[in-house]
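Heavy-atom basis, side chains included; hydrogens, waters and symmetry copies ignored. Per chain, numbering begins at 1; letters A, B, ... match sequence-line order.
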Amino acid sequence: MSPMKLCVPGEFILCSTDDCIPGTGVYMRHGYIFSSLAGYVLKKNEGEELPVISVVRETETQLLPDVGAIVTCKVTSINPRFAKVHILYVGSTPLKDRFRGTIRKEDVRATEKDKVETYKSFRPGDIVLAKVISLGDVQSNYLLTTAENELGVVVAHSEAGAQMVPINWCEMQCPRTHTKEFRKVARVQPEYLHA
Amino acid sequence: MPTDTKRVRGPEVSQSLSRFICKPETTLPSDGTRADGRNRDQVDVRPVFVRCGLVSQAKGSAYIEAGNTKLICCVYGPKETERKDETDMKCGRLFADMRFAPFSCPERGSWIQGSQEKDLSLMVLESLQPAVCLHKYPRSQIDVNVMVLENNGSALAHAITCASLALADAGIEMYDLVLGCSIRQDGASYLIDPTFLEESGSNWASGENQGSLTVSFLPSLNQISGLQSDGEMGEETLTAGVRTCIEGCYKLYPVIQQALVKAVRGAAPPPSES
């Protein structure tokens, strides 16, 4: 295997735009491609005509929650109007620092938006799968939504302290006390359902 | 008659300030080789020792040693802006902080940031800002903290180099590395990368062209991102000084590149070709 080329920010990578398309970790200037990270130069043939050139480091590039990304978050506080969460993972990459997000009452589910009660959808400490709808503005946090079947509470603990099992899209049951609690549950992926 | 107890009355006869300035003991020798064996009027920067990735808690870090000047820099981020009113929707914000350890200078300092440190922090920020691709990090802030462990001259120049290395080590996208270099103009000759004594020593004999200059330079893009000068220098001397600093930066560039490459290779094996 030929040794991979290492480069530093600002280093001129060998091709101009005629040969390659710029990918991540690079920038274009005067028609030439320069590196913007200190890492390995990777040239991939994506199947299109031109190969994509990018610079990667082993540590996954710091991902920021972007609009449309599925994020995993933990509910920190609830309020009749919204729920505040800490965003922990973006996709499958863990974030080193926690970003704050808000799930408004009308974004909890797609139907009967005005009849939603946050107390019956989330509780503090729940792990929720949500999607970013907006970066928010200066004063607010990231705006998230769970208004899809696959989004919602994934892991929740009952008042007795045991991890609950989902029964249907709006209830979860505690295995120890057998009490049912209301949550907006995310649809379980088919591969995890036992017959 | 009520006496005036609040005002401090000065002496009735005033005298010139220069009478009371005590001449510094160290004066720059006007010619010949410098104290550490380097030459005047030659682009002779001190050999530099650089290491990246030494602070495990920080996202990125770098340590630089030039002669006896030792600096360490840590980078944290991108993280959510701590103060809501400073959040910028379109691009990230850079916060730079430069501090001198109390034991760094010949005279013991304090841990609280003085006005000189605040000034230097602002200069570090100004030098780094054009180089970082802030538009890729909206709504976030990146913290750069430089600490000078021992100051033996041109602390600002090395702080800028150290900070840009730490940013590259943290994986923050930059247009180019920023290198710093400083000179001390002493009459007709210049001393590049001055030591503490050379920086603070003064020559009362030759009055003109006494000053120091620090330049921060982006070598690949050939742009200057920061310029700081002290003292009194003529126009041509100043421009010649800037050119000398740029030459000094180019001399430093291969060493810095090698250190970064070493850090990347040490931190991670090359990704498998897929």
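- Residue B:Leu218: no heavy atom, backbone or side chain, is found under 4.5 Å from chain A.
- Proximity of a side-chain donor or acceptor of A:Tyr27 to a complementary backbone N or O of B:Tyr175 within less than 3.5 Å is detected.
- Residue A:Arg98 touches chain B through its backbone alone, counting heavy-atom pairs closer than 4.5 Å.
- Heavy-atom minimum distance, B:Val264 versus A:Ala38: CG2-O, 3.5 Å.
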| Going through the distances and angles, do B:Lys79 and A:Leu95 end up as a side chain to side chain contact (heavy atoms under 4.5 Å, CB included)? | CA-CA 9 Å; B:Lys79 55 182 182 178; A:Leu95 292 178; over 6 Å; no
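- Atom OH of A:Tyr119 has 12 or fewer neighbouring heavy atoms from other residues, nucleotides or ligands inside a 6.0 Å radius.
- Remark: A:Leu37 CG to B:Leu260 CG distance equals 11.0 Å, nearest 0.5 Å.
- Taking both residues in full, the closest heavy atoms of A:Tyr142 and B:Pro138 are given as OH-O, 4.5 Å, listed atom of the first, atom of the second, then distance.
- Interatomic distance, CD of B:Glu80 versus CG of A:Asp97, reported as 9.5 Å (0.5 Å rounding).
- Nearest heavy-atom pair across A:Val26 and B:Lys136 is O-NZ, 4.1 Å.
- Under the 6.0 Å distance and 45° angle rule, B:Arg139 does not count as a cation-pi partner of A:Phe99.
- Highest contact tally toward chain B, considering only A:Ser35, A:Cys7, A:Ser36, is held by A:Ser36 [criterion: heavy-atom pairs under 4.5 Å].
- The neighbour count for B:Gln258 CD, taken as heavy atoms of other residues, nucleotides or ligands under 6.0 Å away, does not exceed 12.
- Residue A:Tyr89 qualifies as open at atom OH: its count of foreign heavy atoms under 6.0 Å is 12 or below.
- Residue A:Pro9 comes nearest to B:Asp176 through the heavy atom pair O-OD1, 3.4 Å, listed as atom of the first residue, atom of the second, then distance.
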